[in-house]
Amino acid sequence: MASKSSQDGALGCGVVVVIALIAALVSQCSGSDDHSDTPSAHRSSAVQDSGTVPAAPPSANTPTQPTKSARPRPPKKVTLSLAEIADTPGTFEQFKEFVAKYGTAEQKKAVKHLKGWRGYKRKLARPALEARSDYPTVDYEAIDGGDLAEQNKMLDLEKQGQYVAEAFAAWWKIDETAVLQVYDRGGEYAAGTACIRPDTVEKEGSCL
């Protein structure tokens with residue numbers, strides 16, 4: 001009976017040892033898994049805390065935005081009198097070059113028809129600069145007879161004269177309100193008359 005009890009005791013101890021070893025192995029494996037997950041969790045947390053994501057390197061095919069070129073500033077205005085402008089060689093060419101570089105589309109179109117200065121006079125107590133052009137001649141007698149086509153031609157030429165006067169006002173330093181008269185290709189009739197002032201177009205060429 002004593003030996004059987006000893007055998008049972010030894011068997012019981014063996015079972016306890018085996019259970020203890022299994023528990024130790026399970027604990028060790030679980031600990032290693034926790035350690036392996038910890039760095040990943042820390043890295044994920046660090047990215048979330050920083051709130052930034054590394055920027056992707058620029059692609060070679062990414063188009064670059066073109067730089068806008070600054071519009072050139074107009075030069076200082078001409079300070080000659082209208083009489084001096086009419087009599088000084090080269091001023092007409094200077095005016096056309098100025099408009100070609102700084103003028104609006106309407107001004108450029110109108111000034112292209114000018115061929116030169118015709119002269120200077122005082123009209124209606126105002127200084128007046130006259131210019132030659134290749135604009136067509138208006139049949140004023142037909143207008144008196146009710147010709148709408150000639151009337152529209154006259155109105156269009158008046159508008160062109162306003163654009164010329166506006167361009168001239170941008171080029172010339174105005175000392176007083178002046179008159180610009182653009183004569184037709186025949187040189188007998190004014191194709192357009194307007195006052196030289198900064199707001200010529202807005203005022204429709206009016207001197208008032």
Side-chain angles (χ1 to χ4, degrees), residues 67-144 147-208:
T67 57
K68 295 183 179 179
S69 57
R71 186 175 182 180
R73 292 184 178 181
K76 292 183 178 180
K77 292 188 176 184
V78 173
T79 57
L80 298 174
S81 67
L82 290 184
E84 291 173 332
I85 291 175
D87 295 335
T88 303
T91 54
F92 177 74
E93 288 73 17
Q94 292 175 14
F95 170 62
K96 293 197 73 172
E97 290 176 1
F98 172 86
V99 176
K101 189 172 184 180
Y102 303 103
T104 65
E106 293 84 359
Q107 293 171 4
K108 293 176 182 178
K109 181 180 177 181
V111 171
K112 279 184 178 181
H113 291 277
L114 301 186
K115 298 303 178 184
W117 305 133
R118 173 183 162 115
Y120 165 82
K121 293 180 181 179
R122 290 196 71 89
K123 298 181 179 181
L124 301 176
R126 296 187 186 278
L129 180 65
E130 299 175 344
R132 295 180 287 105
S133 77
D134 61 3
Y135 281 119
T137 300
V138 176
D139 189 344
Y140 290 98
E141 293 183 1
I143 292 177
D144 293 338
D147 191 324
L148 293 179
E150 287 298 314
Q151 184 177 356
N152 291 333
K153 182 193 297 184
M154 179 192 69
L155 294 176
D156 180 65
L157 293 178
E158 288 288 343
K159 177 64 69 175
Q160 297 303 311
Q162 294 171 22
Y163 288 129
V164 174
E166 184 189 45
F168 196 90
W171 177 69
W172 178 55
K173 187 175 181 179
I174 302 172
D175 51 9
E176 64 176 314
T177 301
V179 176
L180 176 66
Q181 282 191 310
V182 179
Y183 281 78
D184 60 26
R185 64 184 61 165
E188 297 184 8
Y189 301 100
T193 301
C195 273
I196 303 171
R197 52 191 295 173
D199 54 352
T200 296
V201 172
E202 289 81 357
K203 297 295 184 179
E204 296 184 348
S206 173
C207 292
L208 301 178

Spatial distance of atom CZ (Phe95) from atom CH2 (Trp171) [nearest 0.5 Å]:
7.0 Å
Of the non-hydrogen atoms in Ala86 and Gly119, which two are nearest, and what is the gap between them?
CB-C, 4.0 Å
Listed by chain and number, what are the side-chain contact (heavy atoms from CB on, under 4.5 Å) partners of Glu84, not counting sequence neighbours?
Leu80, Ser81, Thr88
Nearest non-hydrogen partners of Ala165 and Ala194, listed with the distance
CB-CB, 3.9 Å
Between Phe168 and Trp117, what is the ring plane arrangement, given parallel below 30°, perpendicular above 60°, and tilted in between?
perpendicular
Heavy-atom side-chain proximity of Arg132 to Leu114 below 4.5 angstrom:
no
NZ/Lys109: more than 12 non-hydrogen atoms of other groups inside 6.0 Å:
no
Would the Tyr189 and Tyr140 ring centres measure less than 6.0 Å apart?
yes
Of all heavy-atom pairs between Val164 and Ala110, which one has the smallest distance, and what is that distance?
CG2-CB, 3.7 Å
Has the side chain of Asp156 got a donor or acceptor atom that lies under 3.5 Å from a matching backbone atom of Asn152?
no
Can you tell if the side chain of Asp134 reaches within under 4.5 Å of the side chain of Lys115, non-hydrogen atoms only?
yes
Are Arg185 and Thr137 close enough, and set up right, to give a side-chain contact (heavy atoms from CB on, under 4.5 Å), and what steps lead you there?
CA-CA 7 Å; Arg185 64 184 61 165; Thr137 300; 4.2 Å; yes
Verify the neighbour count for atom NZ of Lys203: are there more than 12 heavy atoms of other residues, nucleotides or ligands below 6.0 Å?
no
Of all heavy-atom pairs linking Gly187 and Arg118, the shortest is O-NH1, 2.7 Å
The side-chain contact (heavy atoms from CB on, under 4.5 Å) partners of Lys153 (sequence neighbours excluded) come to Pro136, Val138, Glu150, Leu157
Straight-line distance of Glu141 CD to Asp147 CG, nearest 0.5 Å
12.0 Å
What I'd like to find out is whether the side chain of Thr193 reaches to under 4.5 Å of the side chain of Val179, using heavy atoms alone.
yes
Correct closest heavy-atom pair for Val99 and Ala167 would be CG2-CB, 3.8 Å
Go through the steps for Glu188 and Tyr183 under the test side-chain contact (heavy atoms from CB on, under 4.5 Å), then give the verdict.
CA-CA 7 Å; Glu188 297 184 8; Tyr183 281 78; over 6 Å; no
How far does NZ of Lys112 sit from OG of Ser133, to the nearest 0.5 angstrom?
15.5 Å
Check Asp87, Ile85, Leu82 against Tyr120 for a side-chain contact (heavy atoms from CB on, under 4.5 Å) and give me the one that passes.
Leu82
Report yes if the side chains of Lys121 and Arg126 come closer than 4.5 Å at any heavy-atom pair, otherwise no.
no
I need the Lys159 NZ to Leu155 CG distance, nearest 0.5 Å.
9.5 Å
Met154 vs Ile143, test: side-chain contact (heavy atoms from CB on, under 4.5 Å). Steps then yes/no.
CA-CA 9 Å; Met154 179 192 69; Ile143 292 177; 3.9 Å; yes
Taking the side chain as every heavy atom from C-beta outward, state whether Gln107 and Thr104 have any pair of such atoms under 4.5 Å apart.
yes
Is a salt bridge present between Glu176 and Arg197, judged by a nitrogen-to-oxygen distance below 4.0 Å?
no
Could you tell me which non-hydrogen atom of Ala170 sits nearest to which non-hydrogen atom of Lys77, and how far apart they are?
O-CE, 3.4 Å
